[in-house]
Colleague: 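What follows is a structure written as structure tokens; I'll ask about it next.
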Amino acid sequence: GGRGGAHTRQILAWSMGLCLVLHARSQRAFPETQHLKNALLGSTPQELASLVRLAATDPDVNQRIRLGGRQTYERYFQPRNVAETFSREIAWAVSQRR
């Protein structure tokens, strides 16, 4: 699945309130990812380098991304929320076998 080991770093970064700079394709695995809200997204090496510079030199943008990422974590990826989602999916799968 798209949320395998490679993507756990994104969830970890959001949980820590870090400023994420990601390739735009990250949205495929995490539709919760939003440019200028909880991550800085670029498609080319030049765009990504420019966004790293922006994150390092613009404290307002950096702070906005950090706060947005933490809010995304709290809404979608806190262990309690993940456990509730898995529980619903397991219950649904069990009901389909009957």
Colleague: For Ser43, is there any backbone N or O sitting under 3.5 Å from a side-chain donor or acceptor partner on His23?
Modeller: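 Yes, the answer is positive, given that a donor and an acceptor are paired below the 3.5 Å cut-off.
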Colleague: Using modelled atom types and a 3.5 Å cut-off, is there a donor and acceptor pairing between side-chain atoms of Ser50 and backbone atoms of Gln46?
Modeller: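 No, because the side chain of Ser50 does not come within donor-acceptor range (under 3.5 Å) of the backbone of Gln46.
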Colleague: Between Asn62 and Ala55, which heavy-atom pair has the shortest distance, and what is it?
Modeller: ND2-O, 2.8 Å
Colleague: To the closest 0.5 Å, what do you measure between OG1 (Thr72) and NZ (Lys37)?
Modeller: 8.0 Å
Colleague: When rounded to the nearest 0.5 angstrom, what is the spacing between CG in Leu40 and CZ in Arg64?
Modeller: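 Reported to 0.5 Å precision, the distance equals 8.5 Å.
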Colleague: Might you point out which heavy atoms bring Thr33 and Ser26 nearest each other, and give the distance in Å?
Modeller: OG1-O, 4.4 Å
Colleague: Could you state whether Val52 and Leu20 fall into the same hydrophobic cluster, counting links through intermediate Ile, Leu, Val, Met, Phe, Trp or Tyr residues with side-chain heavy atoms under 4.5 angstrom apart?
Modeller: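 No.
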Colleague: Is Phe77 linked to Leu22 within one hydrophobic cluster, defined over Ile, Leu, Val, Met, Phe, Trp and Tyr using a side-chain heavy-atom separation of less than 4.5 Å?
Modeller: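 Yes, Phe77 and Leu22 fall within the same hydrophobic cluster.
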Colleague: To the nearest 0.5 angstrom, please state how far the CZ atom of Arg9 sits from the CE atom of Met16.
Modeller: 13.5 Å
Colleague: Check whether Leu18 and Leu48 end up in the same hydrophobic cluster, where Ile, Leu, Val, Met, Phe, Trp and Tyr are linked by side-chain heavy atoms less than 4.5 Å apart.
Modeller: no
Colleague: According to a hydrophobic-cluster definition based on side-chain heavy atoms being under 4.5 Å apart (Ile, Leu, Val, Met, Phe, Trp, Tyr only), do Ile11 and Leu41 belong together?
Modeller: yes
Colleague: Measuring from atom CG of Asp58 to atom CG of Leu51, what distance do you get when rounded to the nearest 0.5 angstrom?
Modeller: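 The CG atom of Leu51 is 11.5 Å from CG of Asp58, to the nearest 0.5 Å.
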Colleague: Of the non-hydrogen atoms in Trp14 and Gly69, which two are nearest, and what is the gap between them?
Modeller: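 Residues Trp14 and Gly69, closest heavy atoms: CD1-CA, 3.1 Å.
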Colleague: Is the backbone of Gln71 close enough, under 3.5 Å, to the side chain of Asn38 for a donor and an acceptor to pair up by distance?
Modeller: no
